[in-house]
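Every chain is numbered from 1, with letters handed out A, B, ... down the list of sequences.
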Amino acid sequence: MKPTNDNIDVFRRTLLSWWQGNARDFPWRHNRTPYRTAIAELMLRRTRAEQVVPVYNAYMEANPTLEDASQSAIDTTEALLYPLGLRWRAQNMTDFVRDARSRYGSDLPTSIDELKSLPGVGEYVSAAIACFAGDQSVALIDTNVARLLGRVFGLPVTGEARRRADVKRLAERCVPDLNPGEYHYAILDFGALICTARRPKCTSCPIAQYCNFAAKG
DNA sequence: TTCCTGCGGT
DNA sequence: ACCGCCGGAA
């Protein structure tokens with residue numbers, strides 16, 4: 001369907017209605033402080049959410065606060081993060097928590113500009129913290145979201161769709177003023193469970209009747 | 001083989 | 001704009 005305001009509203013309502021019965025539950029979706037959200041987001045990039053759960057729980061048990069995290073040795077962190085791959089993340093997370101602790105004390109900011117100045121924090125992670133911990137209506141655009149919006153509204157999704165201006169504008173228009181966190185959990189869950197990269201489950205998709213991609217078969 | 005709530009260096 | 005990172009699951 002075309003990305004008109006009315007269609008975007010239909011999309012949001014259908015998505016949230018589906019989410020009511022299909023929400024995934026993750027530990028970082030509870031008690032959403034900036035610190036807990038940031039650690040989760042750093043672990044989640046290019047990594048499946050289910051895979052992150054045990055590592056996140058272990059990390060939080062070892063480092064309940066930002067101050068604890070800033071004092072933990074890099075070797076300990078490296079061992080904890082090993083199952084997630086991307087081993088440079090151990091150094092990165094260590095730099096992040098130490099820098100954050102020294103600059104902001106006991107808790108992190110939720111402004112995107114301040115967050116982005118921290119090591120390892122870019123477009124996506126800063127927006128995620130601002131949204132989930134700060135309740136700000138900013139757009140989260142990962143490969144999942146870009147693919148899903150592209151399919152539904154008929155924009156090309158090849159290559160680096162995330163960075164394209166039209167995809168970004170569409171994503172921003174879709175974010176609701178109220179409860180942006182729930183909306184983004186819904187769209188992430190929908191991308192992971194229904195609108196998958198390969199073999200999307202169009203036959204059980206509540207949006208298929210409106211969707212440009214499903215219509216094409 | 002591809003893909004996973006990306007980022008930083010070039 | 002492009003590329004490497006990386007273990008694990010599908």
Peer 1: In whole angstrom, what separates A:Leu81's CG from C:dC5's C1'?
Peer 2: 14 Å
Peer 1: Given B:dC7, B:dC4, B:dT5, identify the nucleotide with an atom nearest to the side chain of A:Trp28.
Peer 2: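 Taking heavy atoms from C-beta onward, the closest nucleotide is B:dT5.
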Peer 1: Under the ring pair (Phe, Tyr, Trp, His ring centres under 6.0 Å) test, which residues partner A:Phe11, sequence neighbours left out?
Peer 2: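 Checked A:Phe11 against ring pair (Phe, Tyr, Trp, His ring centres under 6.0 Å); matches are A:Phe153.
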Peer 1: Scan A:Val125 against the nucleic acid and name what it touches under 4.0 Å (heavy atoms): base, sugar-phosphate only, or nothing.
Peer 2: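 It contacts sugar-phosphate atoms only.
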Peer 1: What does A:Arg24 touch in the nucleic acid at a heavy-atom separation under 4.0 angstrom: a base, only the sugar-phosphate, or nothing?
Peer 2: base
Peer 1: A:Glu50 near the nucleic acid: base, sugar-phosphate alone, or nothing, with a heavy-atom cut-off under 4.0 Å?
Peer 2: nothing
Peer 1: Rounding to an integer number of angstrom, what distance separates C:dA1 and B:dC4 when you compare their C1' atoms?
Peer 2: 22 Å
Peer 1: C:dC3 and B:dT5: how far apart are their P atoms, nearest whole angstrom?
Peer 2: 23 Å
Peer 1: Quick test of your reading: applying ring-ring contact (aromatic ring centres under 6.0 Å, His included), list the pairs with at least one residue in residues 34-64 of chain A, sequence neighbours left out, ordered by first then second residue.
Peer 2: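 For residues 34-64 of chain A: A:Trp28-A:Tyr56.
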Peer 1: At less than 4.0 Å, is any side-chain N or O atom of A:Arg89 found next to OP1 or OP2 of C:dG4? Yes or no.
Peer 2: no
Peer 1: Could you check A:Thr196 against A:Gly122 and say which one's nearest nucleotide on DNA chain B is further toward the 5' end?
Peer 2: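 The residue whose closest nucleotide sits nearer the 5' end is A:Thr196.
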Peer 1: Which nucleotide in the list B:dC3, B:dG6, B:dC7 gets nearest to the side chain of A:Asp142?
Peer 2: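 Output: B:dG6.
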Peer 1: Which residue pairs satisfy the salt bridge (charged side-chain N to carboxylate O under 4.0 Å, His left out) criterion with at least one member in residues 56-80 of chain A, sequence neighbours excluded?
Peer 2: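 As it turns out, the salt bridge (charged side-chain N to carboxylate O under 4.0 Å, His left out) pairs with a partner in residues 56-80 of chain A, which skip direct neighbours, are A:Glu67-A:Arg101.
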Peer 1: Which nucleotide in the list C:dC5, B:dC4, C:dG8 gets nearest to the side chain of A:Trp88?
Peer 2: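 For the A:Trp88 side chain, the nearest candidate turns out to be C:dC5.
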Peer 1: Could you check which of B:dG6, B:dC4, C:dC6 has an atom nearest any side-chain atom of A:Arg48?
Peer 2: B:dC4
Peer 1: Show which side-chain atoms of residues 131-139 of chain A pair as donor or acceptor with protein atoms under 3.5 Å away, not counting sequence neighbours.
Peer 2:
from     : atom 1 : to       : atom 2 : distance (Å)
A:Gln136 : NE2    : A:Thr110 : O      : 2.7
A:Ser137 : OG     : A:Pro176 : O      : 2.9
A:Ser137 : OG     : A:Asp177 : O      : 3.2

Peer 1: Using the side-chain heavy atoms of A:Tyr82, tell me which of these nucleotides is nearest: C:dG7, B:dG6, B:dT5.
Peer 2: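 Closest of the options to the side chain of A:Tyr82: C:dG7.
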Peer 1: Tell me which residues in residues 171-187 of chain A lie within less than 4.0 Å of DNA chain B, going by non-hydrogen atoms.
Peer 2: none
Peer 1: If I take atom CZ in residue A:Arg147 and atom P in nucleotide B:dT2, what distance separates them, rounded to the nearest angstrom?
Peer 2: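 So the CZ-P distance, A:Arg147 to B:dT2, works out to 16 Å.
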Peer 1: Under a 3.5 Å threshold, yes or no: a donor from one side chain and an acceptor from the other, between A:Thr196 and A:Arg147?
Peer 2: no
Peer 1: How many Å lie between CG on A:Leu44 and P on C:dG8, as a whole number?
Peer 2: 17 Å
Peer 1: Without decimals, in angstroms, what is the distance between A:Ile129 CD1 and B:dT5 C1'?
Peer 2: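 After rounding, the reported distance stands at 12 Å.
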Peer 1: Using whole Å, report how far CD of A:Glu123 lies from C1' of B:dG8.
Peer 2: 13 Å
Peer 1: Does A:Val145 reach a base, just sugar-phosphate, or nothing at all? Heavy atoms under 4.0 Å.
Peer 2: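 No contact at all - A:Val145 keeps every heavy atom at 4.0 Å or more from the nucleic acid.
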Peer 1: Within the structure, does a side-chain N or O atom of A:Arg45 lie under 4.0 Å from either OP1 or OP2 of B:dG6?
Peer 2: no
Peer 1: Please check if A:Tyr210 and A:Leu155 belong to a single hydrophobic cluster, counting links between Ile, Leu, Val, Met, Phe, Trp and Tyr side chain heavy atoms closer than 4.5 Å.
Peer 2: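 Yes: a chain of side-chain contacts under 4.5 Å links A:Tyr210 to A:Leu155.
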Peer 1: If the cut-off is 4.0 Å, is A:Thr143 near the phosphate of B:dG6, judged by side-chain N/O to OP1 or OP2?
Peer 2: yes
Peer 1: Please state the P separation for the pair C:dC5 and B:dT1 - nearest whole angstrom.
Peer 2: 16 Å
Peer 1: Any donor-acceptor pair under 3.5 Å linking the side chain of A:Arg89 with the backbone of A:Arg45?
Peer 2: yes
Peer 1: In whole Å, measure the gap between the P atoms of B:dC7 and C:dG8 for me.
Peer 2: 23 Å
Peer 1: Is a donor on one side and an acceptor on the other found under 3.5 Å between the side chain of A:Asn179 and the backbone of A:Glu182?
Peer 2: no
Peer 1: Could you state the CD-C1' distance from A:Glu78 to C:dG7, rounded to the nearest angstrom?
Peer 2: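 Interatomic distance, CD of A:Glu78 to C1' of C:dG7: 14 Å.
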Peer 1: Whole angstrom is fine here: how far is it from CG in A:Asn92 over to P in B:dG8?
Peer 2: 7 Å
Peer 1: Go through B:dC7, B:dT5, C:dC5 for me and flag the one nearest to the A:Leu86 side chain.
Peer 2: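 Taking heavy atoms from C-beta onward, the closest nucleotide is C:dC5.
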Peer 1: Ignoring backbone atoms, test whether A:Arg87 places a side-chain nitrogen or oxygen under 4.0 Å from the OP1 or OP2 oxygen of C:dG7.
Peer 2: yes
Peer 1: Name all pairs fulfilling the salt bridge (charged side-chain N to carboxylate O under 4.0 Å, His left out) condition that reach into residues 108-127 of chain A, sequence neighbours left out, sorted by first residue then second.
Peer 2: A:Lys116-A:Glu123
Peer 1: For A:Leu118 and B:dC7, what is the distance between atoms CG and P respectively, to the nearest whole Å?
Peer 2: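 My rounded result for the distance is 13 Å.
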Peer 1: With nearest nucleotides of DNA chain B determined for A:Ala49 and A:Arg198 from heavy-atom distances, which residue corresponds to the more 5′ nucleotide?
Peer 2: A:Arg198
